[in-house]
Undergrad: 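Below: one structure in structure tokens.
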Amino acid sequence: MKFRSGFNRKYVLSLLAVLLGLIAGAILMSSTGHNPVEGYRYLFRGGLMNLARVGNTMAIATTLILTGLSVAFAFKTGLFNIGASGQMLMGGLAATAIGLTYSWPRPVLLTAMMLAAMLAGGLWAAIAGFLKARFNVHEVVATIMLNWIAFWTIYYVIPGYFKGPFLETESRRLPAAATLRWPWLSSQFSGSYINIGIFIALAAVIVVAFVLERTTLGYELKAVGYNRHAAEAAGIKVNARMVLSMGIAGALAGLAGGVFYAGYAATMQIGILPSQGFDGIAVALLGASSPWGVWVAGLFFGVLHTGKGFMTAMTRIPPEIADTIIATIIYFAATSVLVERYWDSIDRSLSARRERRSVSKEEGGN
Amino acid sequence: MGNIVEMKKIRKEFPGVVACDDIDFSLREGEIHALLGENGAGKSTLTSILFGLYQADSGTISVRGKMVNISNPNVANTLGIGMVHQHFKLVHNFTVTENIILGMEPRRGLVVDTKSAAVRIRDLSRQYGLNVDPAALISEVSVGMQQRVEILKMLYRNADILIFDEPTAVLTPQEIQELMKIMQTLIAEGKSIILITHKLKEIKAVADRCTVIRRGKNVGTVSVQETSEQKLAEMMVGRQISFVVNKSEREPGETILSIRDLSVPGPTGVPAVKNLSLEIKAGEIVGLAGVDGNGQNELVEALIGLRKVSCGVIEMKGTDVCQMSIRERMEKGISYIPEDRHKYGLILDYSLQENLSLKTYYRAPFSRRGLLSRSHIRQHAERVIEDFDVRAGEGAQSQARSLSGGNQQKAIVGREFDMDPELLVAVQPTRGLDVGAIEYIHERLLEQRQRGKAVLLVSLELDEILDLSDRIAVISHGELVGVVDARDTDESEVGLMMTGIKRGEVS
Ligand SMILES: Nc1ncnc2c1ncn2[C@@H]1O[C@H](COP(=O)(O)OP(=O)(O)OP(=O)(O)O)[C@@H](O)[C@H]1O
Ligand SMILES: [Mg+2]
């Protein structure tokens with residue numbers, strides 16, 4: 001089989017990464033004396049068994065999709081956003097602050113919270129973009145440092161201004177009107193964590209896909225990502241575009257924070273750098289940096305995360321195995337270049353063998 | 001002398017094109033065998049198959065009489081086949097030695113033994129007269145030197161079948177002379193060479209035989225001695241080529257570009273252009289001649305806005321553009337054909353159509369209110385492709401990366417001409433093009449002149465400058481040596497001026 005376009009090929013490679021990850025996980029399970037078939041059955045049943053679990057899967061996927069989108073978006077402009085966690089915190093803080101302070105009508109309040117989350121995350125990441133454009137500070141360094149600044153900012157601001165009644169380490173609970181929970185939706189999924197965040201994530205995927213494919217902005221951002229010299233020579237303001245790209249990526253991660261703290265959780269805890277920000281890198285990798293790829297990859301990781309607990313509860317497989325499987329998949333997705341090359345060489349030796357056979361047949365016939 | 005390489009009925013298809021259409025090709029031991037063909041004819045593909053970068057769809061290869069299956073470049077290496085690519089493959093922050101041993105590092109215990117490698121490289125360099133310093137950093141040596149490093153890389157691996165893919169396209173005339181000598185030394189030392197080039201002069205100078213390829217087919221292998229340049233060109237394009245440029249008389253009009261007392265800093269901050277003044281009028285082609293690296297690049301980059309000037313004035317039709325952005329200058333009518341097409345000219349991962357609107361995508365009809373109009377982008381691309389005969393397997397949708405080198409160049413040239421510029425800054429516009437395409441680009445440049453537009457032509461090839469220009473400005477060490485009328489000068493005078501000697505200083 002030969003792939004005609006690089007587009008399909010990327011998706012096949014992602015599927016292959018998943019498959020290899022699962023195989024590696026199976027080997028791991030059997031080598032530690034567990035039954036992999038059983039393990040996987042519980043893992044996937046745990047994520048998909050009934051409506052409540054599907055709802056939870058989607059609730060977890062919501063955040064992953066948005067952080068994945070954030071990483072993927074920056075990546076299109078050739079930037080590596082490792083700071084989705086910090087941007088989530090800033091977005092979550094902004095949303096929480098508004099949610100705890102104002103009692104506007106619900107649609108207005110929620111809209112304001114989400115916009116504030118995007119703005120906060122966007123500005124936070126734009127700092128890294130600016131440092132890169134102006135002083136050539138690598139964005140990986142800048143975003144990691146901003147992660148910790150965000151971490152300590154939360155540490156200071158939450159106890160100082162939004163302290164809960166009992167715990168020093170947690171904010172007050174958002175009132176029901178300031179959360180993204182929607183009773184009707186929750187009841188459709190038998191009272192799970194699902195919330196309207198999933199629709200927000202879907203909308204974000206559609207908007208990002210549209211921006212990247214159909215607008216001059218997307219054209220410019222990708223041009224900068226592929227070849228900044230040619231982009232500059234074509235009159236594109238490369239530095240301004242890098243700041244903007246980081247800003248948009250940050251807005252997406254900020255939105256992830258907003259949906260997470262106002263949808264999945266209802267309080268903000270201090271001393272936690274949300275791991276979803278880093279998982280976003282894996283989601284973006286597995287989704288081949290394309291918006292719809294991120295959507296699918298986010299849902300898949302959602303299944304693994306939800307199913308993990310069930311598998312551990314039903315079998316004696318430790319939760320670390322599930323994490324290892326996730327890590328292996330990430331590993332294979334990240335090294336898909338090697339897989340690709342291997343694939344090519346198989347492809348080649350097969351066609352060479354075919355050829356030799358046809359040559360020898362010809363000679364035999366003569 | 002037997003055949004050291006024999007390729008039989010080699011076929012390679014890419015989506016939409018047959019790059020090699022059952023080509024037979026043989027290389028004799030100890031010969032320089034030239035490959036000649038139009039842009040996109042399939043030369044690079046054929047040699048890449050021999051080097052194991054591509055697999056042929058069908059056909060057989062034998063090396064030294066034995067059938068082989070060259071499934072990757074490592075196999076080619078063990079068979080003694082080496083290749084210098086059209087675009088070099090060197091690691092810039094590595095030294096010469098590190099680059100050469102990359103992938104086959106000699107070890108002493110656990111450490112890489114660079115010392116003995118460096119000694120061997122120095123010996124090889126001396127044996128073949130290459131003059132390479134094993135300790136130099138790649139980023140700090142000239143393009144010509146980088147190429148020698150590529151040659152050494154092959155020699156270090158004991159290759160005796162050497163493939164050169166358009167080695168002279170990136171070299172200055174002096175470096176070309178030296179390369180020709182090096183090739184002759186290589187032959188004398190028992191190597192066999194396949195040389196791809198578009199320059200008939202070079203083929204005449206060094207090659208023994210020449211195989212002509214047209215649209216993936218071998219149209220004949222001839223002895224170079226017995227075939228004229230005219231005949232070779234005809235075989236290649238299938239029609240007569242006129243090597244004379246017909247330039248009609250034309251009175252220049254108003255001043256389009258006026259540069260006064262311009263100084264431009266170079267990469268290290270030292271001025272690369274010093275107090276330079278120059279005017280270009282409507283309907284005039286001004287050639288900028290000079291030895292490579294004498295400030296031409298900095299001057300051009302300052303003109304189009306890629307580089308800040310330290311002082312002086314650049315006026316387009318009376319308005320100072322020094323403070324304008326690149327795009328504002330484009331809107332004022334400045335177009336630019338860059339020297340380095342991969343770095344400044346194209347976005348290789350974009351499709352051809354996206355590249356063809358790289359400078360106009362933000363305007364109607366290519367986009368409205370920030371939304372791209374694919375149909376207009378498409379139509380425009382198809383027109384340029386048609387006008388400039390850009391050949392690509394999947395038409396406007398082809399990825400720019402998949403185009404042959406010459407077709408990439410034609411795409412850039414087409415895009416810039418299509419903007420209908422008042423001033424066209426063309427740096428080496430015909431680099432890597434076949435003679436047919438060169439003839440066409442030259443015609444288009446003259447047409448710009450005829451239509452009352454201004455052209456600044458920067459080229460290292462004196463022939464091109466002398467043929468096309470109305471006036472020739474000669475630059476040396478960033479200073480303007482003088483401006484002469486093309487009608488009353490010749491190669492030797494311009495050549496002398498390029499060394500910094502002013503007109504009239506010698507008699
Ligand atoms: N990787 C690829 N994918 C798709 N098409 C390709 C690829 N490589 C080459 N082609 C196509 O094959 C044809 C032959 O290309 P090739 O590079 O061999 O030409 P060439 O003779 O070296 O031309 P030039 O003188 O311009 O370098 C061209 O039409 C080119 O577009
Ligand atoms: Mg080529």
Side-chain angles (χ1 to χ4, degrees), chain A residues 2-10 75-78 207 210-241 244 289 341-342 344-363, chain B residues 8-9 11 15 52 54-60 67 69-72 301 304-306 324-331 334 336 338 340-350 354-355 357-363 366-374 377 394 397 399-402 412 415:
Chain A
K2 266 198 185 124
F3 301 117
R4 277 292 166 219
S5 74
F7 183 76
N8 290 334
R9 185 179 187 126
K10 272 195 175 151
F75 200 65
K76 287 278 180 196
T77 315
V207 170
F210 183 81
V211 168
L212 285 176
E213 287 310 312
R214 293 297 170 88
T215 65
T216 51
L217 177 65
Y219 178 91
E220 291 178 350
L221 293 178
K222 286 188 291 175
V224 172
Y226 285 134
N227 181 350
R228 57 178 292 181
H229 301 287
E232 187 183 6
I236 295 172
K237 297 217 159 67
V238 171
N239 283 338
R241 283 298 169 253
L244 184 64
S289 288
R341 213 173 281 163
Y342 188 62
D344 271 350
S345 73
I346 294 178
D347 201 46
R348 263 190 221 148
S349 62
L350 281 183
S351 62
R353 194 172 306 158
R354 230 175 290 132
E355 209 166 281
R356 241 173 288 142
R357 206 175 298 145
S358 67
V359 167
S360 60
K361 235 182 262 159
E362 262 169 47
E363 280 168 351
Chain B
K8 287 227 174 83
K9 285 200 159 321
R11 188 174 190 83
Y54 292 134
Q55 291 301 113
D57 299 335
S58 65
T60 57
M67 272 265 244
N69 171 25
I70 307 175
S71 51
N72 61 55
E301 286 174 10
I304 66 143
L306 271 171
M324 287 188 183
S325 70
I326 296 174
R327 181 159 294 165
E328 283 165 339
R329 296 186 204 204
M330 272 162 30
E331 304 256 289
I334 304 183
Y336 172 48
D340 187 336
R341 57 179 167 240
H342 283 181
K343 189 165 178 195
Y344 291 108
L346 292 171
I347 294 187
L348 291 173
D349 294 295
Y350 268 178
E354 286 170 317
N355 271 292
S357 45
L358 189 58
K359 300 212 167 161
T360 43
Y361 69 90
Y362 62 93
R363 302 185 206 151
F366 303 106
S367 66
R368 281 176 215 281
R369 289 200 208 90
L371 296 186
L372 295 169
S373 159
R374 285 199 190 153
I377 290 176
E394 293 163 288
Q397 310 273 24
Q399 215 191 31
R401 192 183 293 286
S402 77
I412 296 174
R415 175 181 75 205

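Convention: sequence-line order gives letters A, B, ...; per-chain numbering from 1.
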Undergrad: Can you tell me how far the CG atom of B/Leu358 sits from the CD atom of A/Glu220, to the nearest 0.5 Å?
TA: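 Here the rounded value is 10.0 Å.
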Undergrad: Donor-acceptor check, side chain of B/Tyr350 to backbone of A/Ala223, threshold 3.5 angstrom: yes or no?
TA: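 Yes.
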Undergrad: In Å, rounded to the nearest 0.5 Å, how long is the span from CZ of B/Phe366 to OG1 of A/Thr216?
TA: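 The OG1 atom of A/Thr216 is 13.5 Å from CZ of B/Phe366, to the nearest 0.5 Å.
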Undergrad: Taking atom CZ of A/Arg228 as the centre, report whether more than 12 heavy atoms of other residues, nucleotides or ligands fall under 6.0 Å from it.
TA: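 No, the 6.0 Å shell around CZ holds no more than 12 heavy atoms from other groups.
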Undergrad: Checking heavy atoms, do the side chain of B/Ile304, its backbone, both or neither come under 4.5 Å from chain A?
TA: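 Answer is neither: B/Ile304 stays 4.5 Å or more from chain A.
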Undergrad: Do A/Asn227 side-chain atoms and B/Tyr344 backbone N/O form a donor-acceptor pair below 3.5 Å?
TA: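 No, the answer is negative, given that no donor and acceptor are paired below the 3.5 Å cut-off.
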Undergrad: Which region of A/Lys237, side chain (C-beta onward) or backbone (N, CA, C, O), has a non-hydrogen atom less than 4.5 Å from a non-hydrogen atom of chain B, or is it both or neither?
TA: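 It is the side chain, since no backbone atom gets that close.
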Undergrad: Considering only heavy atoms from C-beta outward, does the side chain of B/Leu346 approach that of A/Tyr226 to under 4.5 Å?
TA: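 No - every pair of side-chain heavy atoms lies 4.5 Å or more apart.
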Undergrad: Quick one: pull up CD in A/Glu232 and CZ in B/Arg327 and give me the separation to the nearest 0.5 Å.
TA: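 Reported to 0.5 Å precision, the distance equals 12.0 Å.
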Undergrad: In the structure I gave you, are the side-chain heavy atoms of B/Ile347 and A/Tyr219 within less than 4.5 Å of one another anywhere?
TA: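 When only atoms from C-beta onward are counted, A/Tyr219 and B/Ile347 do not touch, as no gap falls below 4.5 Å.
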Undergrad: With only heavy atoms counted, which part of B/Glu328 is less than 4.5 Å from chain A, the side chain, the backbone, both or neither?
TA: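 Neither part; nothing is under 4.5 Å.
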Undergrad: Out of B/His342, B/Lys343, B/Lys359, B/Glu301, which one racks up the most heavy-atom pairs below 4.5 Å with chain A?
TA: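 Among B/His342, B/Lys343, B/Lys359, B/Glu301, the one with the most close pairs to chain A is B/Lys343.
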Undergrad: Side chain, backbone, both or neither: which part of B/Arg329 has a heavy atom under 4.5 Å from chain A?
TA: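 Neither part; nothing is under 4.5 Å.
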Undergrad: Within a 6.0 Å radius of atom CZ on A/Phe75, are there more than 12 heavy atoms belonging to other residues, nucleotides or ligands?
TA: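 No, CZ of A/Phe75 has 12 or fewer neighbouring heavy atoms, counting only those of other groups under 6.0 Å.
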